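Please read the structure below before turning to the comments.
Just so you know, these numbers use all the heavy atoms, side chains as well, and skip hydrogens, waters and symmetry mates. It should be emphasised that the depicted structure is a prediction, and the values quoted were computed from it without experimental measurement.
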Amino acid sequence: MSVWYASLFTDFDIYLFKEGRHYNLYLKLGSHPMEVSGRQGTYFAVWAPNADQVSVMGEFNGWSRDSHQLHVRLDGSGIWEGFIPDVEIGVMYKYHIKSKYHLYHVEKSDPFAFRREVPPQTASIVSKLEYQWNDQAWIDERKNKAGQPQPYSVYELHLGSWRRKPEEDNRPLTYRELADELPRYVKDLGFTHVELMPVMHHPFSGSWGYQITGYFAAHSLLGEPEDLMYLIDVLHQHGIGVIMDWVPSHFPSDEHGLAYFDGTHLFEHADPRKGFHPDWNSYIFNYGRSEVRSFLISNALFWLDKYHVDGLRVDAVASMLYLDYSRKEGEWIPNEHGGRENLEAISFLKEFNHAVHNNFPEVLTIAEESTAWPAVTGPVENGGLGFNMKWMMGWMHDTLHYFSTDPIYRRYHQGEITFSLVYAFSERFMLPLSHDEVVHGKGSLLNKMPGDDWQRFANLRTLYAYMYAHPGAKLLFMGADIAQGSEWNHDSSLDWHLLQYGPHHGIQELLRELNAIYKAEPAMYAHSFSPEGFQWVDINDAHNSVISFLRKGNNPGDEILVVCNLTPALHEHYRMGVPHAGEWVQVFNSDDSRYGGSNVHNLEPIPSMPEPFHGQEHSVTLKLPPMAVTYFKLSSRQNQA
């Protein structure tokens, strides 16, 4: 059984690959079952320009390192390829690479393999992605709604620890088992999207998927690629979009992975000042290398193409943008202009966003970017990076610090809760309360809240109600939906048993209601990213720690008055300016007893008075429940002045 000459590459493929503009390399590189001259078998192709010899070793040849040597192309591409008859789908294999340098040789997993062995095993598996999708209605609607204002309420989760099977050695649910439970749960709570922490193949579960060795392979611990496709399909059938975390910023040093692939620093920068990440002990991609750009952008489009993913949240963008990120003086190399900006990474991110939006105009790209870098969500053609949204990290830090402050001192921190609106429309923001805030000793959201049990739950309800009223898309990490008391642990299930207790069940009820209002009321999302959708009523009542603002749609009748009472003090007669005459009706109250609150309500419609206040032409007198957020809406405008 020898290696036959065969190729899937055209001259144009090679040209695009060398230019860094081949965006579907997954159709060419890797292993592909096919027929050549009437014989079934598998075609293999791998990029290893500094190799002296590349062989396929596997079950079919007793894991021989030399018996099946691939042929190197003679066009300088560095691609080794060949067809091996009778190698079938399901066969395990690796590449044995002998370098031109230092007598180095190594066994590598296939960077383009669609399937991998379950860790800690490292073989690749010959695979053909074949799945019959049933989500055309979703895809059509996604295209129809592209570019229109819409609510984005995202439930972030780690698939391996959402639910587990304690009766079966505490194993995680498989993709298929998740498909039976997750879509129903997310739809019931009213979230519009899920965001999956990386499901690409990773060797160590403690990395939560952020240290990837198999960029084109679904993590095999939870099932086969088609099983993940089935989960995404069922989510789509339930009307739920799927955002997937994507990690082009760094990769681990595991010997079977991308690092030192052909005896040289092929995928990573050779100079550790640019190629090694001090925070994560991992390697940084060489964004200036054309073939690496082709690899990464092909990977992004692969998940959109083959897995029907609706969005990519790009991890650790800040670490890509700055050459001195997390480095001391002398540990980094300035760019050609002497600056700290990583020009190659900036160029890559622009190219990535251009490629995604060119091929999938309705798909979202979201940046986790924590600095003041300008125009992250600006169009590429105008000099921006081209993302659809950016995580609003400043809002998250200020808000969590404010809510962790004892209410008696909040009057001195009024600026923390109002500052986000100074820059809220400088980018298209998503408000994240993510997994990063409930790990590494930071405690759960509930346990960040001060006071006794009643106050902690009231604080949490207030935080969520304020978040949903604040301009921008929303993201909440699993466990926050049941007010989990313990910090997230990737090795165990969420504490679902807590739902038998009223305050925890009340938090879930609150989120169900907030999602319903968010989706039903145009004022809450029609202008999420522009100042037309927001107007302060009063930010100056620091003495009482009360803030109030209007959310606006396209019609005055859509406007919602949001009043946040951020201490446990009850205010029986609180005067508030309103823009329109008529009766204002309470449409939401986080203090409702259904959520675990004290049930202080404005039960009757509240007539406005023709007395200007807070810069508005009219005013109303409200009852402000303790530690609560209330929403009001105009019920009738017949008395408008």
Side-chain angles (χ1 to χ4, degrees), residues 16-29 47 111-112 146 195-196 198-200 209-210 212 215-216 242-251 258 267-269 274 277 283-323 325 335 341-371 373-391 427-428 430:
L16 290 176
F17 179 50
K18 289 179 175 179
E19 288 285 304
R21 291 188 289 112
H22 201 306
Y23 298 153
N24 55 5
L25 280 177
Y26 52 91
L27 301 177
K28 309 287 180 173
L29 287 168
W47 179 53
F112 282 85
E195 179 177 313
L196 307 181
V199 298
M200 298 79 179
Y210 292 101
I212 297 170
Y215 273 79
F216 291 84
V242 178
I243 299 165
M244 193 173 282
D245 280 13
W246 186 57
V247 191
S249 46
H250 65 116
F251 59 91
L258 298 177
F267 287 90
E268 69 272 19
H269 265 284
K274 289 183 79 172
H277 206 297
Y283 288 107
I284 299 169
F285 284 103
N286 183 349
Y287 306 109
R289 188 163 204 159
S290 298
E291 297 89 344
V292 172
R293 292 161 81 106
S294 284
F295 169 81
L296 286 170
I297 295 175
S298 289
N299 183 246
L301 297 186
F302 166 79
W303 292 98
L304 308 180
D305 174 19
K306 296 299 185 183
Y307 283 82
H308 290 203
V309 167
D310 306 287
L312 295 171
R313 176 265 194 186
V314 182
D315 182 61
V317 170
S319 76
M320 300 170 67
L321 293 174
Y322 296 97
L323 294 164
Y325 183 88
N335 64 31
E341 300 81 13
N342 188 335
L343 302 179
E344 293 168 346
I346 294 161
S347 168
F348 162 74
L349 287 169
K350 291 180 178 182
E351 188 179 348
F352 151 74
N353 276 310
H354 183 266
V356 167
H357 295 132
N358 227 26
N359 288 277
F360 298 91
E362 73 280 12
V363 161
L364 299 171
T365 59
I366 303 162
E368 187 216 6
E369 204 286 307
S370 54
T371 74
W373 188 276
V376 171
T377 57
V380 171
E381 53 270 26
N382 293 348
L385 294 183
F387 286 94
N388 295 98
M389 284 186 237
K390 165 180 166 166
W391 275 18
E427 300 274 10
R428 297 169 59 87
M430 176 177 281

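- One distance of note links CD of Glu341 with CH2 of Trp373; it measures 5.0 Å at 0.5 Å rounding.
- The ring-ring contact (aromatic ring centres under 6.0 Å, His included) test applied to Tyr23 returns no partner, not counting sequence neighbours.
- Relative orientation of the Phe267 and Trp47 rings is perpendicular, given thresholds of 30° and 60° on the angle between their planes.
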### Task
Kindly determine whether Asn388 and Leu364 satisfy side-chain contact (heavy atoms from CB on, under 4.5 Å), including the steps that lead there.
CA-CA 6 Å; Asn388 295 98; Leu364 299 171; 4.1 Å; yes

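- Glu368 and Ala316 make their closest contact through OE1-N, 2.8 Å (heavy atoms, listed as atom of the first residue, atom of the second, distance).
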### Query
Yes or no on side-chain hydrogen bond (donor to acceptor under 3.5 Å, both in side chains) for Asn342 and Tyr325, after CA distance, side-chain angles and deciding distance?
CA-CA 10 Å; Asn342 188 335; Tyr325 183 88; over 6 Å; no

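- With a 4.5 Å cut-off on side-chain heavy atoms, Ser347 and Arg293 count as touching.
- Remark: Lys274 NZ to Glu268 CD distance equals 13.5 Å, nearest 0.5 Å.
- In this structure, Glu344 and Asn286 approach most closely via the heavy-atom pair OE1-OD1, 4.2 Å.
- Atoms CD and NZ, from Glu381 and Lys350 in turn, are 10.5 Å apart once rounded to the nearest 0.5 Å.
- Residues satisfying the ring-ring contact (aromatic ring centres under 6.0 Å, His included) test with His308, not counting sequence neighbours, are Trp133.
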### Message
I'd like to know whether Ile366 forms a side-chain contact (heavy atoms from CB on, under 4.5 Å) with Val314, so could you lay out the CA-CA distance, the side-chain angles of the two residues, the decisive distance to 0.1 Å, and finally the verdict.
### Response
CA-CA 6 Å; Ile366 303 162; Val314 182; over 6 Å; no

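- When all heavy atoms of Glu369 and Tyr322 are compared, the closest pair comes out as OE2-CE1, 4.4 Å.
- Between Phe352 and Phe348, the ring planes are parallel. Angles under 30° get that label, and only those over 60° would be called perpendicular.
- Rounding to the nearest 0.5 Å places NE2 of His22 at 7.0 Å from OG of Ser298.
- Judged by distance alone, the side chain of Asn359 and the main-chain N or O of Ala355 form a donor-acceptor pair under 3.5 Å.
- Of the possible donor and acceptor atoms, none in the side chain of Arg313 sits under 3.5 Å from a partner among the backbone N and O of Met244.
- The main-chain N or O of Gly384 is never found under 3.5 Å from a side-chain atom of Asn382 such that the two would form a donor-acceptor pair.
- Shortest non-hydrogen contact noted between Leu258 and Pro111 is CD2-CB, 3.8 Å.
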### Task
Evaluate the side-chain contact (heavy atoms from CB on, under 4.5 Å) criterion for residues Met430 and Lys390: first the C-alpha distance (whole Å), next the side-chain angles of each, then the deciding distance (0.1 Å), finally the verdict.
CA-CA 6 Å; Met430 176 177 281; Lys390 165 180 166 166; over 6 Å; no

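- Between Thr371 and Val317, the closest side-chain pair of non-hydrogen atoms is not below 4.5 Å.
- The two residues Leu16 and Ser294 make their nearest non-hydrogen contact at O-OG, 3.9 Å.
- In this structure, Phe295 and Tyr215 have perpendicular ring planes: the angle between them is above 60°, well past the 30° mark.
- Taking the ring centroids of Tyr307 and Phe302, they lie under the 6.0 Å cut-off.
- For the residue pair Ser290 / Arg21, no side-chain donor-acceptor distance below 3.5 Å is found, with atom types taken as modelled.
- Inter-residue side-chain proximity for Val292 and Tyr287 is flagged as unmet; no heavy-atom pair is nearer than 4.5 Å.
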### Query
Can Tyr26 and Asp305 be said to form a side-chain hydrogen bond (donor to acceptor under 3.5 Å, both in side chains), step by step?
CA-CA 11 Å; Tyr26 52 91; Asp305 174 19; 2.7 Å; yes

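- Remark: side-chain polar atoms of Asn24 are not paired, donor with acceptor, to backbone N or O of Leu27 under 3.5 angstrom.
- For the atom pair CG of Leu323 and CG of Asn335, the computed distance is 6.0 Å after rounding to the nearest 0.5 Å.
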### Message
Could you walk me through whether Trp246 and Thr365 satisfy the side-chain contact (heavy atoms from CB on, under 4.5 Å) test, starting with their C-alpha distance in whole Å, then the side-chain angles of each, then the deciding distance to 0.1 Å, before giving a yes or no?
### Response
CA-CA 10 Å; Trp246 186 57; Thr365 59; over 6 Å; no

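- Leu196 CG to Ile243 CD1: the interatomic distance, rounded to the nearest 0.5 Å, is 9.0 Å.
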### Task
Evaluate the criterion salt bridge (charged side-chain N to carboxylate O under 4.0 Å, His left out) for residue pair Glu291 and Lys18; output intermediate values, then yes/no.
CA-CA 6 Å; Glu291 297 89 344; Lys18 289 179 175 179; over 6 Å; no

#### Entry: CA sep, side-chain torsions, deciding dist, call: Glu427, Thr377, side-chain hydrogen bond (donor to acceptor under 3.5 Å, both in side chains)
CA-CA 6 Å; Glu427 300 274 10; Thr377 57; 2.4 Å; yes

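- Put simply, the side chain of Asp310 gets close to the backbone of Val242: a donor and an acceptor are under 3.5 Å apart.
- Centroid-to-centroid, the aromatic rings of Phe216 and Phe112 come within less than 6.0 Å.
- When every heavy atom of Glu351 is checked against every heavy atom of Gly20, the shortest pair comes out as OE2-O, 3.1 Å.
- At a threshold of 4.5 Å between non-hydrogen side-chain atoms, the residues His250 and Ser319 do not count as touching.
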